[in-house]
Engineer: 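Structure below; questions to follow.
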Amino acid sequence: MQLADKYSPEQIEQKWYDFWIAENLFHSEPDAREPYTIVIPPPNVTGMLHMGHMLNNTLQDVLVRRARMQGKNACWVPGTDHASIATEAKVVKKLAEQGIKKSDLTREEFLKHAWDWTNEHGGIILKQLRKLGASCDWERTAFTMDEIRSKSVIRVFCDLYNKGLIYRGLRMVNWDPKAQTALSNEEVIYREEKSKLYYLKYYVDEAAGSTDGEEEGAVVLNATDAFDPTVKHQILHRDAEGRRYAVVATTRPETIMGDTAMCINPKDPKNTWLKGKSVIVPLVNRVVPIIEDRYVEIEFGTGCLKVTPAHDVNDYMLGKTHNLETIDIFNADATISEAGGMYVGMDRMDVRKQIVKDLAEANLLEKVEDYDNKVGYSERNADTAVEPRLCMQWFLRMQHFADIALPPVMNDEIKFHPAKYKTTYNNWLTNIQDWCISRQLWWGHRIPAYFLPTAEGAEEKFVVAESREEALALAKAIPGYEGITAEELRHDEDALDTWFSSWLWPLSLFNGILDPDNKEINYYYSTDDLVTGPDIIFFWIARMIMAGYEWRGAKPFKNVYFTGIVRDKLGRKMSKQLGNSPDPLDLIAKYGADGMRVAMLMSTSAGNDVMFDEALCEQGRNFGNKIWNAYRLINMWEVDTTLEQPEAAKEAITWFDEVMRERIARINHDMEQYRISEAFTELYRLFWDDFSGWYLEMVKPAYQCPADSKTIERTKHYFDQLLRLLHPFMPFITEEIWQDLKPEEGVKSIVVAQQPQVDREADTTILARFALVEELITAIRNVRKQKNIAQKEALTLNYIADENYPAEFSAVIAKMGNIKAIEAVVEKDATAAAFIVKTTQYFVPMEGKIDKEAELKKLGDDLTYYEGFLASVMKKLSNERFISSAPEKVVANERAKQADAEAKIAAIKAQMEALK
RNA sequence: GGGAGCAUAGCUCAGCUGGUUCAGAGCAUCUGCCUUACAAGCAGAGGGUCAGGGGUUCGAAUCCCUUUGCUCCCACCA
């Protein structure tokens, strides 16, 4: 075949991907082989491929392809996630653009829109993955909201409810007033913000001018006095009429309608006079008690805290401890509710502005300070501040799950790569909180709870069942509800948290929830490797481990490989706003999928971020080109079967056999340790430097000369092996060449070819001897360069024989150095360019081209270095404690270094002698 | 506030159980080559006080302490 001199990925990638699909090479069915399974971290169904996906899926594909080539039954299951909040937000936004409000639609109408959207945009991301070469078993493509996965979720919910692990409770949740949904703590992003701290006056509920509770020496501040919060004695305030008041600092004056107490620290000397009293909430005029709790920071503000149990998480805890009333003053959209009594219907932010004015007017505002505050925002609606809100929610008790999920990670039954994330995992699981699993969304799995009609104000009654029919049966069994009809059951409106389906992924993909003893789950589960980011350890990884043990009694995966975040070369996170995120498909078009994959592989080690630079793609493309051209070279060799195998080729093969043994072992070792980047780098250098740079040059026949069949055969064998090693990393180019090389009858694709095996350990003596050859060749090249001698001008090489002269490679030395004669000599040649490799002295006759002074200087420098080196070795060896405590091997090694250095020094001195 | 991690060449990073000439690789830079596989290439070269300080050890980039700088996670002082 005639090959172009540049490799063009675009022409071949689609062809081979289509071929792999047509030949069904990625499809897996249970059989007698050992399974190797990966489940994909499901991308959002309507998402687009970004650089993070490239990294993550490149790594998974490397693992899967390699396993497949190791004779395992490899199965990589793809799928997508319904991503309830993100997808619903997108649909709401799209509808809004068409002038449709979600609140105007019925649930069914909205879901129709959502499904239309999903069907239209869904799965694009999976198609994009094919461009990368991902060898997923597409026949198994799943969706978290398809039938099996949906039923699994509902079944699991009912199971947990029946086990008593699910409960319903009023909880302070992070409320997104725009999406009108509860968010988990993990979905709230805190941002530093410039805001104000408002100091409000809370008058004491008593007769004017009272001194009740004041100590001797109390500092009385008037409204105009400066206030120092660090004062260690009592402080109280009086207005012009002599009425006493306390000052409360707050960032949220609009919540005072919900105040049901004021709290002080019992140890706060400033505020002891307030103990046991009541105060009047400004403007609202409600009398609330002063409670004492050590939660209050004495140093903050005035040491007085207003307590609003309905609208602050900490206040809620205080309210529970001190049995306070809870007044919820907000509607779901964060406007003031009837219960607020004032500003009803106004938005919280508008109320803040207004109430500050009103407070000032009523002379109830002491002062306003600038304040740096952290405000929680919704991960999905970046401009929407989260409102703490009390809601009836569904919760999953987590202690049980923490107990079953912690040990297997800590004792390495499930291995984390890198292991440092075990600590993170441990921290979370040992301080676990119950999981709020309900979301006020429509797009998702609807909670299978059905409420029974109850009298106004009575406690709610509900049943949990997989279907309305079953729910009805359960309801009828409740005394007083015998005659209930299906229509009277009110299905819970809320959907489940997306992660409540994701945590089942390794189980539900093989239908292990609905049909726990089926052939597939029994075969593929536990899966082998999970590749994902450390940011979802809690959301996903921990919970999959919990689910795996809960429903199957076995780990969901054996290894977790953590990827880092893909950043730009300046170290910034890639984001749409910054516009620093290249489109991966553009990069693939420009550099080829293999080039793209190499870029990802070159720059990542487990758990570390990737500083992405387009130059890496270029490097990847260049490597593809290098492979291509190496193949072009051997492809154009003519065979002459009558030809004897040249000596140089024999020697090269002797050496390269050992190189392959050593490198393959190293690559295998790296891969076993999940050092994927290192394994690839190893391979890169093996191909580029050792194979192309040295081996091919050593066996290459002269221009337009034929080659002998033994050498060609062996070279093609190496090439085949290298392609197999490279295939998991660079699937397309390796297939293209492999198909042309056709090294193995009956194997239709390199995809299913076997990885090379190592028959024995490499002979390190041969490798060490050849290292001397490389050094010698380099030295000869340096002589040429220094003396300006062209490569094609043949030279003579003389040497003084000793045990470090690699005589067994003399043909290679002659060929690589373009040496016409190699001769052992006894006399030094003062007119020759001289150098030393290890201890062997070499001379290249130069006939007067020698600069004696320069040579002497160079030798002198070398002498100084080696004498210093010898001195440091001798220092060690003369240290008795070193001799007695260091292992024998190390001491022996120092002795060897001593001998080498002495020989080297002798050689240098001899050469200097010869020059003079 | 709690926890974890990082700091090695201009850049991105290896350096695994402390010990081989251990101070490395790739990229970038510089020099010389358009040598018939490859200029997307070849042959060479320069470049680091292993963040600072202290300790343990016969021996430290590696282990311990400490200072400095950076990153991430968790918590969320109104």
Side-chain angles (χ1 to χ4, degrees), chain A residues 3 5-7 185-186 188 190 197-198 248-252 255 263 295-297 299-302 304-308 312-315 371 373-374 376 418 420-421 423-424 426-428 431 534-535 537-538 565 569 571 591 595 602-605 607-613 615-616 618-637 669-670 673 675 677-678 681-682 684-685 692-693 696-697 700 703-704 778 781-782 784-786 788 790-792 865-866 869 873 875-876 879-887 889-894 896-897 900-901:
Chain A
L3 299 170
D5 69 347
K6 285 219 170 25
Y7 172 63
N185 286 339
E186 287 84 357
V188 178
Y190 288 90
L197 197 55
Y198 302 92
V248 169
T250 181
T251 52
R252 302 206 57 199
T255 62
C263 190
Y295 161 73
V296 177
E297 293 271 331
E299 305 290 318
F300 189 91
T302 58
C304 296
L305 171 73
K306 76 188 210 47
V307 184
T308 320
D312 183 279
V313 182
N314 298 300
D315 292 13
Y371 184 66
N373 196 15
K374 270 187 192 162
K420 66 178 177 181
Y421 289 111
T423 322
T424 315
N426 186 18
N427 285 344
W428 190 67
N431 300 300
D535 49 329
I537 287 182
F538 312 134
I565 297 164
K569 61 179 169 184
Y591 299 103
M602 301 274 327
S603 56
T604 179
S605 55
N608 288 342
D609 288 355
V610 174
M611 303 296 166
F612 180 80
D613 186 340
L616 291 166
E618 208 172 317
Q619 197 183 341
R621 177 202 61 182
N622 293 356
F623 185 41
N625 198 47
K626 186 74 189 174
I627 299 169
W628 181 254
N629 275 293
Y631 184 64
R632 276 183 69 211
L633 174 66
I634 65 168
N635 185 57
M636 66 176 60
W637 289 346
H669 183 253
D670 281 341
Q673 309 284 308
R675 297 156 59 87
S677 174
E678 285 81 355
T681 306
E682 196 73 55
Y684 178 92
R685 296 219 297 265
S692 301
L696 287 180
E697 292 298 333
K700 189 159 98 175
Y703 178 56
Q704 285 186 338
T778 301
R781 284 170 180 163
N782 266 326
R784 283 185 190 277
K785 180 148 174 137
Q786 278 159 22
N788 213 7
Q791 172 66 24
K792 51 188 164 200
Y865 173 82
Y866 282 103
F869 177 71
V873 171
K875 200 176 153 196
K876 269 193 203 175
N879 182 340
E880 256 176 56
R881 296 187 65 185
F882 171 73
I883 303 291
S884 55
S885 1
K889 207 179 123 192
V890 175
V891 177
N893 196 29
E894 288 303 313
K897 275 154 80 176
D900 280 356

Engineer: Are any of A:Arg685's side-chain N or O atoms less than 4.0 Å away from OP1 or OP2 of B:rG24?
Structural biologist: no
Engineer: Does any N or O donor sit under 3.5 Å from an N or O acceptor when you compare the side chain of A:Lys889 with the base of B:rU20?
Structural biologist: no
Engineer: State the dot-bracket string of RNA chain B. Criteria: Watson-Crick or G-U wobble, both atom distances under 3.5 angstrom; notation: ( ) intrastrand, [ ] crossing earlier pairs, | interstrand, . unpaired.
Structural biologist: (((((((..((((.....[....)))).(((((.......))))).....(((((..]....))))))))))))....
Engineer: B:rA78, OP1 or OP2 - any side-chain N/O from A:Tyr198 closer than 4.0 Å?
Structural biologist: no
Engineer: Between B:rU31, B:rG26, B:rA37, which nucleotide has the shortest distance from any of its atoms to the side chain of A:Lys785?
Structural biologist: B:rU31
Engineer: Using a heavy-atom cut-off of 4.0 Å across all strands, would you classify A:Glu697 as base, sugar-phosphate, or nothing?
Structural biologist: base
Engineer: At a cut-off of 3.5 Å, list every protein nitrogen or oxygen paired with a nitrogen or oxygen from nucleotides 57-61 of chain B, distance to 0.1 Å.
Structural biologist:
residue: B:rC58; atom: OP1; partner: A:Arg881; partner atom: NH2; Å: 2.5
residue: B:rC58; atom: OP2; partner: A:Arg881; partner atom: NH2; Å: 2.7
residue: B:rC58; atom: O2'; partner: A:Asn879; partner atom: ND2; Å: 3.1

Engineer: Could you state the atom-to-atom distance from NE2 of A:His669 to P of B:rU17 in whole Å?
Structural biologist: 10 Å
Engineer: Looking at the side chain of A:Phe538, which of B:rG41, B:rC74, B:rU12 is the nearest nucleotide?
Structural biologist: B:rC74
Engineer: Just N and O in the side chain of A:Asn629: are any of them under 4.0 Å from OP1 or OP2 of B:rG41?
Structural biologist: no
Engineer: So, A:Asn629 versus A:Arg632: side-chain donor-acceptor pair below 3.5 Å or not?
Structural biologist: yes
Engineer: Taking only the side-chain nitrogens and oxygens of A:Thr778, find out if one of them lies under 4.0 Å from OP1 or OP2 of B:rG44.
Structural biologist: yes
Engineer: Students often get this wrong, so: under 4.0 angstrom with heavy atoms, is A:Lys6 touching a base, only sugar-phosphate, or nothing?
Structural biologist: base
Engineer: Measure distances between side-chain N and O atoms of A:Glu678 and base N and O atoms of B:rA25, and say whether any donor-acceptor pair falls under 3.5 Å.
Structural biologist: no
Engineer: Which whole number of Å gives the distance between the P atom of B:rG24 and that of B:rU71?
Structural biologist: 32 Å
Engineer: NA contact type, A:Tyr371, heavy-atom cut-off 4.0 Å: base, sugar-phosphate, or nothing?
Structural biologist: sugar-phosphate
